[in-house]
Student: 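Take this structure first; my questions come after.
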Amino acid sequence: MRIGVLCSGGDSPGMNAAIRGAVLRGVEVHGFEMVGFMDGWRGFHEDDRVPLDRAAVRGISPLGGVILGTSRVQPFLSGRGDEADIQAIRDRVEEYGVDAFLLIGGNGTQTVAQLLTEHGIPAIGLPKTIDNDLSGTDYTFGFDTAVSIASEAIDRLRTTGDSHRRCMVLEVMGRDVGWIALHAGMAGGAQVTLVPEFPESIEQISEWVLSVRDRGRSSLVVVAEGFRLAGNEAQTTRDGLDGFGRKRLGGVAEVLAPLIEQRTGIETRATVLGHVQRGGSPTAFDRVLATRTGIAAADAAEAGQWGTMAGLRGDRIAMVPLAEAVGHLKTVPEARYEEARLNFG
């Protein structure tokens with residue numbers, strides 16, 4: 001069997017470990033021939049591919065980024081995903097002699113994997129995203145690394161905030177969900193954690209900050225980039241669109257900081273962590289999770305379990321039907337937000 005490996009969407013720590021796990025299991029155990037398409041669907045459209053064997057994946061687990069590259073190039077040339085687009089992919093698949101795909105990506109990539117399988121092009125998904133917003137898995141690889149980096153930033157900001165008696169506002173990624181903010185805020189002991197799922201008013205936020213000052217401490221506020229103030233439906237965005245045509249989120253910390261300072265009289269500074277969260281070596285947890293995911297995906301290919309995704313369920317990797325994993329975001333539930341609120345004020 002000849003399997004194509006392709007990464008799509010944003011980069012996420014652990015992608016190299018996932019490729020290594022899939023290749024070592026697929027080539028060495030199951031006897032697959034495996035090829036990687038460079039820069040996601042761009043490489044597929046332009047026939048830019050490399051062979052994947054033991055030598056190609058030697059020593060890549062600790063590396064950040066991804067050796068194959070990734071992009072937000074669309075799989076469907078017309079952008080519609082109609083029968084003509086599917087046929088164009090079929091023609092390419094036949095030309096390359098590829099029997100199936102392992103697709104590494106988030107919600108959009110897994111949706112494509114499901115669509116391809118439904119149209120007779122076998123695919124299996126590997127869930128990666130730092131946002132941890134993909135249903136069907138308890139954790140996505142890349143999330144733990146992003147949380148660790150954000151937690152370290154909180155520790156560093158706290159010391160400088162305490163030195164100047166300032167309120168520090170840290171903005172983290174996560175798009176439309178607050179998992180990074182929630183976990184980093186709890187790990188770092190932030191006094192306020194703001195997530196998209198639960199809008200709060202500037203009056204309430206200011207009250208929490210003042211209550212911290214009244215206890216003789218300096219506030220640390222963690223805010224997810226998709227957070228909205230109560231009564232305001234608009235997210236804070238920057239100019240331009242991302243590769244999927246969505247507005248680019250970012251800058252909410254820079255909006256909140258002057259509002260907090262105005263209402264509390266406490267000097268307030270904003271820090272936007274940005275792409276630092278995506279870079280560098282993955283944590284041990286992400287390396288292990290990604291490796292196990294790659295191994296499970298190769299085993300599923302051998303077993304013909306197409307249209308599934310290798311998700312973490314408890315302490316085991318389970319092959320989850322893609323229909324259960326796509327179409328809706330895994331959002332922060334109220335109970336988890338209430339846990340974080342124990343630190344508030």
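What you see is a predicted model; the values in this text were computed from it and never measured.
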Student: Determine, step by step, whether Leu289 and Ile317 satisfy the side chain to side chain contact (heavy atoms under 4.5 Å, CB included) criterion, reporting the C-alpha distance in whole Å, the side-chain angles of both residues, the deciding distance to 0.1 Å, and the verdict.
Tutor: CA-CA 9 Å; Leu289 174 59; Ile317 304 295; 4.0 Å; yes

Student: Do you know the tightest heavy-atom contact between Val195 and Leu182?
Tutor: CG1-N, 4.4 Å

Student: Does Tyr96 have its ring centroid less than 6.0 Å away from the ring centroid of Phe37?
Tutor: yes

Student: Under 3.5 Å, is there a donor-acceptor pair between the side chain of Asn107 and the main chain of Val326?
Tutor: no

Student: Would you say the side-chain atoms of Thr293 pair up with the backbone N or O of Ala18, donor to acceptor, closer than 3.5 Å?
Tutor: no

Student: Between Val276 and Ile149, does the side chain to side chain contact (heavy atoms under 4.5 Å, CB included) criterion hold? Intermediate values first, please.
Tutor: CA-CA 8 Å; Val276 171; Ile149 293 168; 3.8 Å; yes

Student: Shared ILVMFWY cluster between Tyr337 and Val172, side chains joined below 4.5 angstrom?
Tutor: yes

Student: Out of Glu324, His328, Gln110, which one pairs with Ser135 under the side-chain hydrogen bond (donor to acceptor under 3.5 Å, both in side chains) rule?
Tutor: His328

Student: Would you find more than 12 non-hydrogen atoms of other residues, nucleotides or ligands less than 6.0 Å from Arg92 atom CZ?
Tutor: yes

Student: Is the shortest side-chain heavy-atom distance between Met38 and Arg49 below 4.5 Å?
Tutor: no

Student: Specify the closest pair of heavy atoms between Val23 and Met34, including all atoms of both residues, with the distance to one decimal.
Tutor: CA-SD, 3.7 Å

Student: Give a yes or no answer on whether the side chain of Ser281 reaches the backbone of Pro62 with a donor-acceptor pair at less than 3.5 Å.
Tutor: yes

Student: Check whether any side-chain N or O of Trp179 sits under 3.5 Å from a backbone N or O of Lys330 as a donor-acceptor pair, and report yes or no.
Tutor: yes

Student: Could you check whether any side-chain heavy atom of Val222 comes within less than 4.5 Å of a side-chain heavy atom of Ile154, counting everything from C-beta outward?
Tutor: yes

Student: Between Glu33 and Ile3 (side chain of the first, backbone of the second, donor and acceptor by atom type, cut-off under 3.5 Å), is there such a pair?
Tutor: no

Student: To the nearest 0.5 angstrom, please state how far the CG atom of Asp144 sits from the CG atom of Asn132.
Tutor: 10.0 Å

Student: Using the side-chain hydrogen bond (donor to acceptor under 3.5 Å, both in side chains) rule, pick out the option among Glu339, Glu334, Glu338 that qualifies with Arg336.
Tutor: Glu339

Student: Is it true that Ser71 and Asp39 share a donor-acceptor pair across their side chains at a distance under 3.5 Å?
Tutor: no

Student: If I take atom OG from residue Ser218 and atom CD1 from residue Ile266, how far apart are they, to the nearest 0.5 angstrom?
Tutor: 8.0 Å

Student: Keeping the roles fixed (side chain from Asn16, backbone from Gly65), state whether a donor-acceptor pair exists under 3.5 Å.
Tutor: yes

Student: If you define the side chain from C-beta out and look only at heavy atoms, does anything of Cys167 sit under 4.5 Å from Val209?
Tutor: yes

Student: Under the side chain to side chain contact (heavy atoms under 4.5 Å, CB included) criterion, do Ile202 and Ile260 qualify, and how do the steps go?
Tutor: CA-CA 7 Å; Ile202 189 60; Ile260 293 172; 4.1 Å; yes

Student: Is a side-chain donor or acceptor of Ser201 paired with a backbone partner of Gln204 at a separation under 3.5 angstrom?
Tutor: yes

Student: Side chains of Phe227 and Gln235: closer than 4.5 Å at any heavy-atom pair?
Tutor: no

Student: Under 6.0 Å between the ring centres of Phe285 and Phe143?
Tutor: no

Student: Should Arg175 and Asp133 count as an ion pair when the cut-off is N to O under 4.0 Å?
Tutor: no

Student: If you count the non-hydrogen atoms of other residues, nucleotides and ligands that lie under 6.0 Å from CD in Glu94, is the total more than 12?
Tutor: no

Student: Under 4.0 Å between a Lys/Arg side-chain N and an Asp/Glu carboxylate O for Arg313 and Asp138?
Tutor: no

Student: When clusters are formed by joining ILVMFWY residues with side-chain heavy atoms under 4.5 Å apart, either directly or through shared neighbours, do Tyr139 and Val320 land in the same one?
Tutor: no

Student: State yes or no: do Met15 and Leu68 share one hydrophobic cluster built from I, L, V, M, F, W and Y residues joined by side-chain heavy-atom distances below 4.5 Å, directly or via other members?
Tutor: yes

Student: Quick check: closest heavy atoms across Ala297 and Ala310, and the distance to 0.1 Å?
Tutor: N-CB, 4.4 Å

Student: Rounded to the nearest 0.5 Å, what separates atom CG in Leu256 from atom CD in Glu254?
Tutor: 10.5 Å

Student: Would you say the side chain of Gln114 lies within less than 4.5 Å of the side chain of His119, judging by non-hydrogen atoms?
Tutor: no

Student: Can you tell me if Glu171 uses its side chain to pair, donor with acceptor, with the backbone of Val252 under 3.5 Å?
Tutor: yes

Student: In plain terms, say whether Arg166 and Glu261 are close enough for a salt bridge, that is, a side-chain N and a carboxylate O under 4.0 Å apart.
Tutor: no

Student: If you measure from CG on Leu116 to CZ on Arg90, what distance do you get to the nearest 0.5 Å?
Tutor: 9.5 Å

Student: For a quick test of reading the model, state the closest non-hydrogen atom pair linking Ala253 to Val169 and the distance between them.
Tutor: CB-CG1, 3.8 Å

Student: Locate the shortest heavy-atom distance separating Leu126 from Met309; write the atom from each residue and the value.
Tutor: N-CG, 4.4 Å

Student: Count I, L, V, M, F, W, Y as connected when their side-chain heavy atoms are under 4.5 Å apart, and connections chain through other members. Are Met319 and Phe32 then in the same cluster?
Tutor: yes

Student: Quick one: are Ile89 and Asp85 in side-chain contact, heavy atoms under 4.5 Å?
Tutor: no

Student: Would you mind reporting whether Leu6 and Phe44 have side-chain heavy atoms less than 4.5 Å apart?
Tutor: yes

Student: Should Arg165 and Glu267 count as an ion pair when the cut-off is N to O under 4.0 Å?
Tutor: no

Student: Can you see which heavy atom on Ala290 is nearest to which on Gly14, and at what distance?
Tutor: CB-O, 3.1 Å

Student: With a 4.5 Å cut-off on side-chain heavy atoms, are Arg54 and Val27 touching?
Tutor: no

Student: Any chain of hydrophobic side-chain contacts (each under 4.5 Å) joining Val288 to Phe141?
Tutor: no

Student: Looking only at side chains, do Thr70 and Asp11 share a donor and an acceptor under 3.5 Å apart?
Tutor: no

Student: So for atom CZ, which belongs to Arg215, do other residues, nucleotides or ligands contribute more than 12 heavy atoms lying within a distance under 6.0 Å?
Tutor: yes

Student: Taking the side chain from Glu197 and the backbone from Val177, do they hold a donor-acceptor pair closer than 3.5 Å?
Tutor: no

Student: Report the C-alpha separation of Met173 and Ile130 in whole Å, then their side-chain angles, then the decisive distance to 0.1 Å, and conclude whether the side chain to side chain contact (heavy atoms under 4.5 Å, CB included) test is met.
Tutor: CA-CA 8 Å; Met173 286 181 167; Ile130 67 168; 3.8 Å; yes

Student: What distance do Leu322 atom CG and Leu103 atom CG have between them, rounded to the nearest 0.5 Å?
Tutor: 9.0 Å

Student: Go through the steps for Gln305 and Asp299 under the test side chain to side chain donor-acceptor pair (under 3.5 Å), then give the verdict.
Tutor: CA-CA 9 Å; Gln305 294 177 290; Asp299 287 346; over 6 Å; no

Student: Taking Glu200 first and then Arg341, would you say they form a salt bridge - that is, a charged N and a carboxylate O separated by under 4.0 Å?
Tutor: yes

Student: Please confirm whether the backbone N or O of Gly105 pairs with a side-chain atom of Thr129, one donor and one acceptor, at under 3.5 Å?
Tutor: no

Student: How many angstroms lie between CZ in Phe344 and CD1 in Ile205, if you round to the nearest 0.5 Å?
Tutor: 9.5 Å

